[in-house]
K.L.:
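So that we are looking at the same thing, I have put the structure below in structure tokens.
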Amino acid sequence: MGTPLAIAIRHLTKRFKNGVLANDAIDLGVPCGVVFGLLGPNGAGKTTLVRQITGELVPSSGSVHVLGIDVLREPHRAKPLMGILPQEADVFMALTPEEHLRLFGRLRGLSRAAAAARAQELLGLLDLREHRKKHSLHLSGGVKRKLLVGMAIVASPKVLVLDEPTTGLDPNSRRQVWGLMRALQQEGASILLTTHNMEEAEALCTSVAILDRGRVLAHGDIEEIRALCSHRFKGTYRENGAGNAVYGQTHAEVVGRLESLGVEEYTVARTTLEDLYLELTKKGRVDEHG
Amino acid sequence: MAKCASDVLVIAELQLLRTARPLWGFLIGTVVFPLPMLFFARYLLGDVGERGPRLIAGSIVFSVGLSTVRELAQILNMDRFTYRLTLIRSCPIHPFSYAAGMILAAVVHAVVNSGVVLLCAPLFGIGVQLSLWFLPVTVLTAVSLAGIALVIGTWSPSWEVGNTMAQVAGVFIVLLSPIYFPVARLPDWLQALAHLSPYTYAANALDGILSGHGGFQGDAIVLAALTVVCLTVGLGRMRWRET
């Protein structure tokens, strides 16, 4: 018996009416109890994939199961298990953060008293207390985004699907949200998030998948993924005000190349997820264009 | 079932909080929009005589038309195209619960607006007779007109088209409907159109109640039938998932 899957995606394809193939026969599994990152450039098909996982978009073919429940056939059973933060979602301008959390807590299945208590708790955890009585019209974009995260997690769901949850957040707020996500994971939640922020992916994710042009280029544990990079080490330096990099298999190889270039100030480190991401997505474009 | 009922109440609460803020704007909207038309019709006629209750009925229908058809259609339309409906759809809520909650909020507004118009009737020297049927027929009027809003809100292909349709259905059509006078006064070609409008039957039914003449049951039944049609079309077109 394999690892139980929180989200099981089987041969999922989405072709829109205008002919665009947004997702091409995607097979992915998000194990239970992990934070799974879905990475990819703009237009890769991440949000289309997420919208099919949450049941907002009907796939052309294939299936999605959340904790064993078919999202397409039984959305009324699948939705209560999920906390969802869509990429494009907006708060209600006339409502306060407290009202948002309380009302959406009830929509997500909490009782009146539990929703009110949880709203107060989240206002504290998300550092929103000073804004709790303000109409959302007067909130900054970052504060609204934190509020949307709070609305997704208000009912402490078993599966959390977050589409770019920390976009627009300052570093402190981002770390607050990361802390909440780690806490939820430790309580047993499974989290799928999409992000452009490699630091976020490396900080939070146990496993990742890299998507481009509707296809999965690589997926697996983050250490396995890093090892796919052609080069193990990277040296970075600045020349004429611009950042540059050289790559190699060993620390010594990279240092040798830097010194042959006459570079005196440099940093050598292991290649990161971002390096693999750039390598894979650039390769995909080169292969396509010849 | 309990979750459905709770969802309806939550959506209604959310909608009422949105539309009642700021409170001064809500109060002005509740008072300002229906009363000038009543003022105009009342003093244009001079001696209203037995036509007084018709003016009140017409003002109520006009007010309910504004708050339900125009306002509700605009909000449904706006929520679809500004990703607020996306937020609601991300919750485990049935689309019918969402529609019912929005309609419930519209009904509450309509009852408040109707109450304001009724309270102002004596100020315009108009006497009306109240009966227990007034509230259910007002509610039926609001639900039937909310059904029109539902059709607009779920069918409009874009924000701009939806807003235009809301203005046409909520203002333009009501002004062309015989809400302040009987259908027979219209030219024949407009009478045919008037017989298709819920506004006509709503005004006739409320006039029958407020004048004490009765005979409103037929209009109420037609209004109920139009309500079923509008709600069926609106709910049937409502898609919670995109293809």
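Here is the naming used below: chain letters follow the sequence lines, and residue numbers restart at 1 for every chain.
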K.L.:
Are A:Glu88 and B:Thr86 packed together at the side-chain level, in the sense that at least one heavy-atom pair is separated by less than 4.5 angstrom?
P.N.:
no
K.L.:
Any salt bridge linking A:Glu56 with B:Arg241? Criterion: basic side-chain nitrogen under 4.0 Å from a carboxylate oxygen.
P.N.:
no
K.L.:
As an exercise: rank B:Thr243, B:Ile93, B:Leu9 by heavy-atom pairs under 4.5 Å with chain A and give me the winner.
P.N.:
B:Thr243
K.L.:
Above 12 or not: heavy atoms from other molecules or residues under 6.0 Å from CH2 of B:Trp155?
P.N.:
no
K.L.:
Among A:Ala152, A:Pro75, A:Ala78, A:Pro80, which has the most heavy-atom pairs under 4.5 Å with chain B?
P.N.:
A:Pro80
K.L.:
Please look at A:Leu137 and chain B and tell me whether the side chain, the backbone, both or neither of the residue comes under 4.5 angstrom of a heavy atom of that chain.
P.N.:
neither
K.L.:
Listed by residue number, which members of residues 91-108 of chain A have a heavy atom under 4.5 Å from any heavy atom of chain B?
P.N.:
A:Val91, A:Phe92, A:Met93, A:Ala94, A:Leu95, A:Thr96, A:Glu99, A:Arg102, A:Leu103, A:Phe104, A:Arg106, A:Leu107, A:Arg108
K.L.:
Pick from A:Arg51, A:His76, A:Met151: which one has the most heavy-atom pairs with chain B under 4.5 Å?
P.N.:
A:Arg51
K.L.:
For the CZ atom on A:Arg112, are there more than 12 heavy atoms of other groups (residues, nucleotides or ligands in this structure) within a distance under 6.0 Å?
P.N.:
no
K.L.:
So B:Leu87 and A:Leu148, side chain to side chain contact (heavy atoms under 4.5 Å, CB included) or not? Walk me through it.
P.N.:
CA-CA 9 Å; B:Leu87 204 54; A:Leu148 287 166; 3.6 Å; yes
K.L.:
Let me confirm one number: the OG-CG distance from B:Ser90 to A:Leu85, rounded to the nearest 0.5 Å.
P.N.:
8.0 Å
K.L.:
Roughly how far, to the nearest 0.5 Å, is the CG atom of A:Leu57 from the CD atom of B:Glu242?
P.N.:
6.5 Å
K.L.:
Is it the side chain or the backbone of B:Ile88 that comes within 4.5 Å of chain A heavy atoms, both, or neither?
P.N.:
both
K.L.:
So for atom NZ, which belongs to A:Lys158, do other residues, nucleotides or ligands contribute more than 12 heavy atoms lying within a distance under 6.0 Å?
P.N.:
no
K.L.:
Suppose the criterion is ring-ring contact (aromatic ring centres under 6.0 Å, His included): which pairs have a residue in residues 88-112 of chain B, not counting sequence neighbours?
P.N.:
B:Phe26-B:His109, B:His94-B:Phe96, B:Tyr98-B:Trp240
K.L.:
Decide if atom CZ of B:Phe124 counts as having more than 12 heavy atoms of other residues, nucleotides or ligands within a radius under 6.0 Å.
P.N.:
yes
K.L.:
Do other residues, nucleotides or ligands put more than 12 heavy atoms under 6.0 Å from the CZ atom of B:Arg80?
P.N.:
yes
K.L.:
Which atoms of B:Ser6 are under 4.5 Å from chain A, going by heavy atoms: the side chain, the backbone, both sets, or neither?
P.N.:
both
K.L.:
Just give me the residue among B:Leu85, B:Leu17, B:Leu14 that pairs up with chain A most often, heavy atom to heavy atom, under 4.5 Å.
P.N.:
B:Leu14
